[in-house]
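To keep things clear, I will list the structure first and then write my remarks on it.
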Amino acid sequence: MSDTTVTTEKKEPIMALQGVSKYFGGVHALEDVDFEGYPDEIVTLVGDNGAGKSTLIKILAGVHQPSRGKILFRGKPVEIPSPRAAQALGIETVYQELALIETRDVPANFFLGREPTRGTSKIFVDRKKMVNDTVHTLKDLGIVLPSLRTLVRYLSGGQRQALAIGRVMPWGGQVIIMDEPTAALGVRESRKVLDLVLQLKEKGCSVVVISHNMRHVFNVADRIVVLRGGRKVGDRMKSETTPDEIVKLIVGAEML
Amino acid sequence: MEPDKPFSTEEDPARFQSEGALTRFARNQIATLALILLAMVVVLSLSTRTFLTATNIFNVMRAFSWIAIASFGQSIVIIGGGIDLSAGSNMAFSGIITAMLLVEGVNVALSIGAGLGITLLVGLANGLMVSKTKLPPFIATLGMMSIVRGFCYGLTQGWPVRGLPRSFVALGQTDLSFFIWRVPLPAVIMVCFAVLVYILLDKTKLGYHTYAVGGNEYAASLAGIFTGRVKNVAFTLSGLLAGVGGILMTARLGVAAPTAASGYELDIIAAAVIGGISLTGGEGNVWGALIGAAIMQILRNALVLLGFPAYWQPAAIGAVIIGAVMIDMYRKKSI
């Protein structure tokens with residue numbers, strides 16, 4: 001994997017935004033942004049608050065529609081009109097707000113919106129499969145939670161984060177987007193999440209990670225994309241840049 | 001437990017047993033409610049001679065069956081994060097439509113079908129207002145409550161519809177034989193609907209999505225759940241079940257009055273709330289609503305049997321609503 005940084009440039013991107021702009025009323029959240037994600041590559045998306053990071057990933061996740069520009073998936077122009085459409089393409093997202101249902105237990109959140117059903121009816125939920133698959137996936141990932149019957153309300157921040165990340169794993173997504181996956185975590189838990197991110201890359205996924213933590217960014221990234229005021233102001237291979245340069249791009253100071 | 005595994009991801013029965021029976025019991029909301037209900041029954045059985053008679057018990061059941069059935073529909077809506085204030089008006093409306101057709105000589109099944117069909121449509125209209133125009137459920141159904149009540153007055157010119165055929169009235173007044181008891185038909189219908197709504201909410205994909213929408217609508221939509229569809233179904237079912245309650249009420253009373261079920265929406269909501277269905281959505285189940293309706297009716301019955309003046313009933317019911325919700329909040333915090 002040490003040569004990924006060299007090879008990715010020759011590969012076809014799995015997904016790409018071309019000249020994408022997004023306006024909310026008069027607010028220009030994104031302005032003419034190009035963004036690509038390659039297989040077995042981790043891109044970190046950095047930028048100050050309001051730089052447009054969340055808007056960008058929500059366009060990929062089917063939550064927002066671009067006001068202008070194109071989305072390409074495996075080279076073909078696509079529309080992603082809903083989160084379900086994104087899932088169908090193989091785009092999985094872990095949101096900053098974690099998007100969990102606090103009043104429900106672990107398996108219900110694990111399979112949220114994609115509950116397996118019994119037989120051919122597609123009506124009755126296969127609770128047994130939900131519980132078994134949840135146990136299985138969490139075990140594989142080394143995620144430890146109290147009893148599955150616990151409501152998410154009673155889980156700690158780290159446990160919620162683990163659940164939110166764990167549940168996107170079994171769906172075979174090719175693009176995995178994570179908004180601040182280490183925000184609520186301690187040192188050990190963060191380490192685990194970063195390991196998970198590396199595992200996903202090894203499986204050939206294109207991983208997009210938003211992070212504010214420069215150490216984490218330089219730890220896992222192959223490529224770093226910087227947004228400022230809705231525009232892309234930097235797109236660097238990690239090997240060709242430094243934390244100093246990235247910070248300067250984020251805040252908009254003059255380059256050295 | 002192993003030191004490197006502070007928690008197990010597996011269903012671990014040992015962990016639950018170690019919690020102690022009392023904690024586990026407190027965790028179970030329905031058990032707590034059933035206990036309150038049981039306590040009421042015991043106290044009343046000891047302090048009055050009439051309470052624990054089959055006749056009185058079945059009268060109580062018949063009396064709360066309409067409210068309970070409407071409250072099952074209300075539960076679906078509240079669990080889905082909404083509220084349906086039009087339920088009381090809908091109860092009157094289904095009764096009036098059915099009764100008006102019956103006195104015109106239309107057969108019973110068709111008349112009931114029409115009565116239920118119309119409240120189903122009212123429910124769907126509520127759902128569409130909430131899901132499409134994004135009106136807050138409180139406002140949409142508050143308006144609908146008044147609109148439907150207006151139709152009840154308008155269609156009848158304010159007069160009760162009388163002279164309902166025996167075959168219809170029997171619905172509310174027949175008893176079915178179970179062993180030595182004669183159980184009122186409305187109570188049997190109530191239990192059937194409770195089971196159906198339980199299966200819907202607890203076992204189906206739609207039920208899971210209803211809890212998800214009520215628990216965190218944004219998260220549900222991010223997960224790809226079509227939240228509008230879930231709301232439409234919830235409000236439609238609430239309309240339909242209020243209609244069923246209204247028909248049983250009309251059959252029992254033998255008359256469809258345009259003023260019937262006035263203020264019932266609050267009893268219907270109260271039954272759900274006493275039953276632990278949180279008004280913030282995403283929590284509770286239909287058994288809670290059933291027990292909530294039972295607790296309210298037994299309290300009314302108790303006040304009568306114990307010789308309290310009837311005028312004071314609303315105050316007692318109000319105190320129970322506040323008490324039940326306070327206990328529930330305390331229960332949630334303490335575990």
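Numbers restart at 1 for each chain; the letters A, B, ... are given by sequence-line order, proteins then strands.
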- Message: As an exercise, state the distance from CG of B/Leu222 to CZ of A/Arg84, rounded to the nearest 0.5 Å.
- Response: 12.5 Å
- Message: Quick check on A/Leu112 against chain B: is it the side chain, the backbone, both or neither that has a heavy atom closer than 4.5 Å?
- Response: both
- Item | A/Gln65 CD: over 12 foreign heavy atoms closer than 6.0 Å | yes
- Query: Given a strict heavy-atom distance threshold of 4.5 Å, which part of A/Tyr95 is in contact with chain B: side chain, backbone, both, or neither?
  - Reply: side chain
- What parts of residues 282-291 of chain B touch chain A if we use heavy atoms and a cut-off under 4.5 Å? B/Gly282, B/Glu283
- Taking non-hydrogen atoms and a cut-off under 4.5 angstrom, which of residues 194-209 of chain B neighbour chain A? B/Ile199, B/Lys203, B/Thr204, B/Lys205, B/Tyr208, B/His209
- Pick from A/Pro116, A/Ala99, A/Ser121: which one has the most heavy-atom pairs with chain B under 4.5 Å? A/Ala99
- Using non-hydrogen atoms and a 4.5 Å limit, figure out which bit of A/Glu102 sits close to chain B: side chain, backbone, both or neither. neither
- Query: How far apart are the closest heavy atoms of A/Pro83 and B/Ser221, and which atoms are they?
  - Reply: CG-O, 3.2 Å
- Query: Under 4.5 Å between any side-chain heavy atoms of A/Leu100 and B/Asn216, yes or no?
  - Reply: no
- Segment of A/Arg153 engaging chain B (4.5 angstrom heavy-atom cut-off): side chain
- Item | Nearest non-hydrogen partners of A/Ile101 and B/Gly215, listed with the distance | CG2-CA, 3.8 Å
- Task: Determine whether more than 12 heavy atoms belonging to other residues, nucleotides or ligands lie under 6.0 Å from atom CZ of A/Phe24.
- Result: yes
